Amino acid sequence: LSLPVALRRARRAAAPSLSAPAAEPEEPADPAGRVAALAARRATLRFLWSADADGRIATLSPEWMHLVGCPPEAVGASPAELAHLIACQTGPDAPPLAHLLRSATTWGPRALRWRIAGTDLGVAVELSGLPVHGRDGAFAGQRGFGLARLRDVTPVDWPAPAERSAAAAAGQVGEGE
């Protein structure tokens with residue numbers, strides 16, 4: 001073998017293989033750790049959602065649900081039933097989230113905090129939505145995306161279960177937020 005061929009072979013043998021993937025760091029088990037780990041790599045995360053004509057959550061991106069530890073029962077829940085997961089941050093003239101989810105108009109971005117499971121922390125999220133119409137032209141719900149600002153995580157004073165039940169019974173949660 002000539003010297004240049006031997007050098008090329010030696011370099012190839014010493015170079016890291018491009019075909020072998022790098023070892024992934026182990027994912028934290030707790031949602032707060034997952035959010036912090038992802039925030040170290042990227043500032044935002046987009047996720048998809050949809051709601052039916054009654055404003056009940058029909059779908060949420062599985063990646064988002066896993067990241068923040070969102071319980072499976074959130075799918076199918078109304079905004080009033082999600083008061084322990086979502087805290088809206090709006091001005092006095094802004095329509096409530098429950099109204100937006102049932103409206104046949106485009107809306108967004110709507111600022112809110114989404115609870116990280118097992119904590120009192122909320123990650124900043126902006127939701128936007130588009131109306132969806134069925135084949136007959138009737139309003140069928142909303143579909144949209146959320147933009148989570150992973151580096152904007154703050155404590156939130158979430159309602160206690162008794163407060164949520166009383167507010168839902170009085171029709172206050174989800175309507176007036």
Side-chain angles (χ1 to χ4, degrees), residues 21-52 55-103 106-130 141-168 172-177:
E24 289 288 321
E26 191 170 315
E27 180 178 284
D30 65 313
R34 288 193 295 263
V35 170
L38 187 57
R41 296 190 311 264
R42 58 192 294 183
T44 61
L45 173 73
R46 289 181 188 248
F47 63 94
L48 300 176
W49 63 269
S50 68
D52 64 17
R56 292 187 169 278
I57 301 299
T59 61
L60 278 171
S61 294
E63 298 83 10
W64 175 248
M65 291 180 69
H66 174 71
L67 180 68
V68 295
C70 188
E73 56 270 11
V75 174
S78 70
E81 296 165 335
L82 293 176
H84 66 290
L85 293 177
I86 298 174
C88 290
Q89 300 174 312
T90 60
D93 297 331
L97 182 61
H99 172 76
L100 294 173
L101 292 175
R102 293 189 304 260
S103 72
T106 301
W107 55 272
R110 178 65 184 272
L112 55 93
R113 293 277 167 183
W114 199 293
R115 189 175 201 165
I116 299 172
T119 72
D120 283 336
L121 300 174
V123 63
V125 171
E126 294 173 4
L127 288 184
S128 296
L130 295 167
Q142 288 271 338
R143 180 181 352 194
F145 69 92
L147 177 66
R149 303 204 179 275
L150 301 174
R151 295 179 183 153
D152 186 359
V153 176
T154 59
V156 176
D157 187 20
W158 300 98
E163 292 172 15
R164 288 195 311 263
S165 300
Q172 296 169 348
V173 179
E175 288 299 323
E177 295 169 331

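Both backbone and side-chain heavy atoms feed into the values below; hydrogens, waters and symmetry mates do not. No experiment lies behind these values; they were computed from the predicted model shown. Heads up: numbering here begins at 1 and tracks the sequence.
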Notebook entry, point to check: With no hydrogens and no angle check, is any side-chain donor or acceptor of Gln142 less than 3.5 Å from a backbone partner on Leu130?
Noted result: yes
Heavy atoms of Gly55 and Pro79 approach each other most closely as O-CD, 3.3 Å
Here the pair of heavy atoms bringing Leu85 nearest to Ala74 is CD1-CB, 4.1 Å
CH2 (Trp114) and CG (Leu60) are apart, to the nearest 0.5 Å, by 4.5 Å
Taken in chain and number order and not counting sequence neighbours, the residues that satisfy side-chain hydrogen bond (donor to acceptor under 3.5 Å, both in side chains) with Arg113 are Asp152, Thr154
Can you find a heavy atom in the side chain of Arg115 that is under 4.5 Å from one in the side chain of Asp120? yes
When every non-hydrogen atom of Phe145 is compared with those of Arg46, the smallest separation belongs to CE1-NH1, 3.3 Å
side-chain hydrogen bond (donor to acceptor under 3.5 Å, both in side chains) filter on Trp64, not counting sequence neighbours, yields none
State, with a plain yes or no, whether a side-chain heavy atom of Phe47 is found less than 4.5 Å away from one of Leu127.
yes
Worksheet item: Side chain of Ser128, backbone of Gly144: donor and acceptor closer than 3.5 Å?
Response: no
Checklist entry - If only atom types and distance count, is the side chain of Arg34 paired as donor or acceptor with the main-chain N or O of Leu38 below 3.5 Å? => result no
The side-chain contact (heavy atoms from CB on, under 4.5 Å) partners of Ala43 (sequence neighbours excluded) come to Arg151
Rounded to the nearest 0.5 angstrom, the CD1-CD1 distance for Ile86 and Ile57 is 6.0 Å
> Side chains of Leu150 and Arg42: does their closest heavy-atom pair fall under 4.5 Å?
Replying inline: yes
Nearest heavy-atom contact between Leu112 and Cys88 is CB-CA, 3.9 Å
Residues Leu101 and Trp107: closest non-hydrogen pair is CD2-CZ2, 4.0 Å
### Task
Report yes if the side chains of Val75 and Met65 come closer than 4.5 Å at any heavy-atom pair, otherwise no.
yes
Report yes or no: does Arg143 contribute a side-chain atom to a donor-acceptor pair with the main-chain N or O of Ser50 at less than 3.5 Å?
no
Check whether any side-chain heavy atom of Glu81 sits under 4.5 Å from a side-chain heavy atom of Arg56, and report yes or no. yes
Nearest heavy-atom contact between Gly69 and Ala117 is O-CB, 3.3 Å
